[in-house]
Q: 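One structure, as structure tokens, below. Some questions next.
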Amino acid sequence: MNSNHWLSYYQNNRRNRPEPKWNVPSPLDPQQQKTLARSLSHFQLGETGGGTFLIDHACKRVGADETYLEALQFFVAEEGEHARLLERLVLRFGGATVRHHWTHALFRLVRHTLGVQFEIQVLVIAELVGTAYYRLLRARTRDSVLDETCALLLRDEAQHVEFHAQWLGEILSRLLPLEMGAWRTQFQALFTAAATVAWIDHREALIASGSNRREFFRDARQECIRFLHKIQVNANEQIASLVTA
Ligand SMILES: [Fe+2]
Ligand SMILES: [Fe+2]
């Protein structure tokens, strides 16, 4: 993977970030704002991991690439910026941020279970599900500040997914086809479980926005299919470079 590219991407992405116009009043009715605030507060909690566990474990990995580790720190900082944006949005909708929620506890438990590779996989799954959620909210809700915030989040998340797809593609290129098949199966099982948990937790906000279960799962599944394709392409490129070396 081209770690230098990612380091300069994250460094540059700190600039040119249009701040949403927080003072513009929301045209949404108070009940819808309340529902959105509750749902967004759970995503906000998910973005406030700090990344200490991830960085520590990535550093301990044998042969860890220093530039990749630096890029990873910028990635964690960017997720912290997402937490700030979501907090502003939650407060704007008259809600409050939360410190604990069962979905967050479950997410932390799962991602810390099996080391850095598994943690990145769990983070990606959350990003794929989050992308479908932000995209649907943005498409269905007429609120300019929500629109501006989701646009920023979606722009960043698309790159986060690409960043992790390159790293995972490189790792997975070392697997035998049978092992790769097993990896893809467990990824899809975990993804389906995560999308189901997200639907249970966020269905009220999505339905209030005019969306529905079918649309949410369709969009989330498309994100997952695209990601698995990217991983395969990246793994194949890596294998091709080894063959021709
Ligand atoms: Fe994020
Ligand atoms: Fe992300």
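One-based numbering, in listed order, for ligands and for the atoms of each.
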Q: Thinking salt bridges, do Lys21 and Asp147 make one under a 4.0 Å N-O criterion?
A: no
Q: Short of 2.8 Å from the Fe ion (ligand 1), name each protein N/O/S atom, waters not counted.
A: Glu47 OE1, Glu47 OE2, Glu79 OE1, His82 ND1, Glu157 OE2
Q: Is any NZ, NE, NH1 or NH2 atom of the basic residue among Glu87 and Arg84 found under 4.0 Å from an Asp or Glu carboxylate oxygen of the other?
A: no
Q: Would you say Phe216 and Val129 make side-chain contact, with heavy atoms under 4.5 Å?
A: yes
Q: Assess whether a salt bridge exists between Glu78 and Arg14, defined as any Lys/Arg side-chain N lying under 4.0 Å from an Asp/Glu carboxylate O.
A: no
Q: Using side chain to side chain donor-acceptor pair (under 3.5 Å) as the criterion, list what pairs up with His82, not counting sequence neighbours.
A: Glu79, Asp156, Glu157
Q: Using a strict cut-off of less than 4.0 Å between a Lys/Arg side-chain nitrogen and an Asp/Glu carboxylate oxygen, indicate whether Arg92 and Asp143 qualify as a salt bridge.
A: yes
